[in-house]
Amino acid sequence: MQPTHNDPRIQRILATVDCIPPGRVATYGQVASEAGLAGRARLVGRILAELPKGSHLPWHRVLQTGGGISPRSGPGPAEQRARLEKEGVVFTLSGRVDLKSAAWKPDETP
DNA sequence: AACATGACTTTCT
DNA sequence: TAGAAAGCCATGT
């Protein structure tokens, strides 16, 4: 079975991602830092990669530094972008999100 | 224990 | 501004 079972760190990451409101996005480093795992951005990515299918977790709101989508196998990236656009997130011609406007602030969680 | 892989980040060219 | 290389952390073989 898998790595992340009941580790509080992992739960914190999942909770942080789940706290990201629609129309806003956060970077891997941002989430990791909030979860108390600063510098472990890759761990966040790994967690999301292991996410089960039925997870309601807004994984699509997690982007790279600069607001770009991490390329990976499958319809992941395309679906991620589609979902974000549906939430009102604007993508630049470079395929990146304008963090100046869409960046999520942990203090602004309703 | 060592090597290889990956939803990352930073720096250099 | 875009592309390639190196570095860092955790997992799996």
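Partners of A/R83 according to the salt bridge (Lys or Arg N to Asp or Glu O under 4.0 Å) rule, which considers only residues two or more places apart in sequence or in another chain, are A/E79. With sequence neighbours excluded, no residue forms a salt bridge (Lys or Arg N to Asp or Glu O under 4.0 Å) with A/D18. Considering only residues two or more places apart in sequence or on other chains, A/T65 meets the side-chain contact (heavy atoms from CB on, under 4.5 Å) condition with none of them. Under the salt bridge (Lys or Arg N to Asp or Glu O under 4.0 Å) criterion, A/R40 pairs with no residue, sequence neighbours left out. Checked against salt bridge (Lys or Arg N to Asp or Glu O under 4.0 Å), A/K86 has no partners two or more places apart in sequence or in another chain. Residues meeting the side-chain contact (heavy atoms from CB on, under 4.5 Å) test with A/S73, sequence neighbours left out: none.
Separating the CG atom of A/L48 from the P atom of C/dT11 is a distance of 14 Å, rounded to the nearest angstrom. Residue A/R96 contributes atom CZ, which lies 20 Å from atom P of B/dA7 at whole-angstrom precision. Summarising the geometry, the separation between CD1 on A/I47 and P on B/dC8 is reported as 13 Å, rounded to the nearest angstrom. Computed from coordinates, the A/W59 CH2 to B/dA7 P distance equals 13 Å when rounded to whole Å. Atom CZ of A/R61 and atom C1' of B/dA7 are 17 Å apart (whole Å). Distance, A/I69 CD1 to B/dC8 C1': 15 Å, rounded to whole Å.
Nearest to the side chain of A/Q64, among B/dT9, C/dA2, B/dA7, sits B/dT9.
Between A/T27 and the phosphate of B/dC8, there is no side-chain N or O to OP1/OP2 separation shorter than 4.0 Å.
Counting Ile, Leu, Val, Met, Phe, Trp and Tyr side chains that sit under 4.5 Å apart, directly or through other members, A/V89 shares a hydrophobic cluster with A/V25, A/L63, A/I69, A/L84, A/F91, A/V97, A/L99.
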Counting only pairs under 3.5 Å, give me each side-chain donor-acceptor contact of residues 27-38 of chain A, with atom names and distances, residues two or more places apart or in other chains.
unit_1 : atom_1 : unit_2 : atom_2 : d
A/T27  : OG1    : A/Q30  : N      : 3.1

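Within the structure, salt bridge (charged side-chain N to carboxylate O under 4.0 Å, His left out) pairs that include any residue of residues 52-69 of chain A comprise A/R61-A/E87 (at least two apart or interchain).
Using a 4.0 Å cut-off on heavy atoms, none of the residues of residues 78-85 of chain A approach DNA chain B.
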Can you name the atoms? Protein N/O to nucleotides 10-13 of chain B N/O, anything below 3.5 Å, with the distance.
none

Under-3.5 Å N/O pairs linking protein and nucleotides 5-10 of chain C:
unit_1 : atom_1 : unit_2 : atom_2 : d
C/dC8  : N3     : A/R42  : NH1    : 2.8

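Classification of A/D7 and A/R9 as a salt-bridged pair holds, one side-chain N sitting under 4.0 Å from a carboxylate O.
Within the 3.5 Å criterion, the main-chain N or O of A/L51 finds no donor-acceptor partner in the side chain of A/S55.
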